[in-house]
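Step one of this worksheet: look at the structure below.
Indexing begins at 1, ligand by ligand and atom by atom, following the structure's order. No hydrogens, no waters, no symmetry mates; every other heavy atom, side chains included, goes into these values. This chain uses plain numbering: 1 for the first residue, then up along the sequence.
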Amino acid sequence: MFSNNMIKALNKQIQEEFFSAYLYQSMSAHFASENLSGIANWFSVQAKEEMTHAFKIYDFIIERGGKVKLLAVNEPQDLWDSAQKAFEDALEHEKHITRCFDKLMDQAMEEKDHATRIFLEWFVTEQIEEEASASEIVEKIKMSGNHGHGLVMLDKELGQRVFVSSLAQE
Ligand code: FEO
């Protein structure tokens, strides 16, 4: 059964995903203003991914006859001292999101809501990738430095990222 508590928790997660999009788009705007267009591109693609995460949950609630309630989204930070700090913040944020999905999964299991449990498995797996990609970039910046040639090369690499909607694959 799809309980009101489960619907409430999933609506809260929609808010978390929209905040994630806001946070990453804010990082994108910051690095665009610093003329690091590749890093700006990477975060902008990430923001779009977060929107698809929100809509996946949104569609699931509606499909199961629940009511979506959109909650207020907080204003994100808008300045970062360095690219390393922004990616470290992104990694910490993804760890927080992983904990959110772990809690949602616990709730679905406690409520014996198997449809939600199976639905959440996609996100649990996705979070492994989300943490790994932020962590990999933090390590690359640590090796190449926050300035100069190394950062220019990384900016070029991150400029290659293209948005592919996971909603379109279904
Ligand atoms: Fe929607 Fe980055 O997790």
Taking CZ in F119 as the centre, count heavy atoms belonging to other residues, nucleotides or ligands within less than 6.0 Å. Is the count above 12?
yes
Side-chain donor-acceptor pair under 3.5 Å between H53 and Q13, yes or no?
no
Taking the six-membered ring for Trp, are Y58 and F18 closer than 6.0 Å centroid to centroid?
no
Any side-chain heavy atom of W42 sitting closer than 4.5 Å to one from I137?
yes
Supply the members, apart from V45, of the Ile/Leu/Val/Met/Phe/Trp/Tyr cluster built from side-chain contacts under 4.5 Å; use none for a lone residue.
F163
Nearest-0.5 Å distance, NZ of residue K56 to CZ of residue F123:
6.0 Å
Mind listing the protein N/O/S atoms less than 2.8 Å away from atom 2 (Fe) of ligand 1? Waters don't count.
E50 OE2, E94 OE1, E94 OE2, E130 OE2
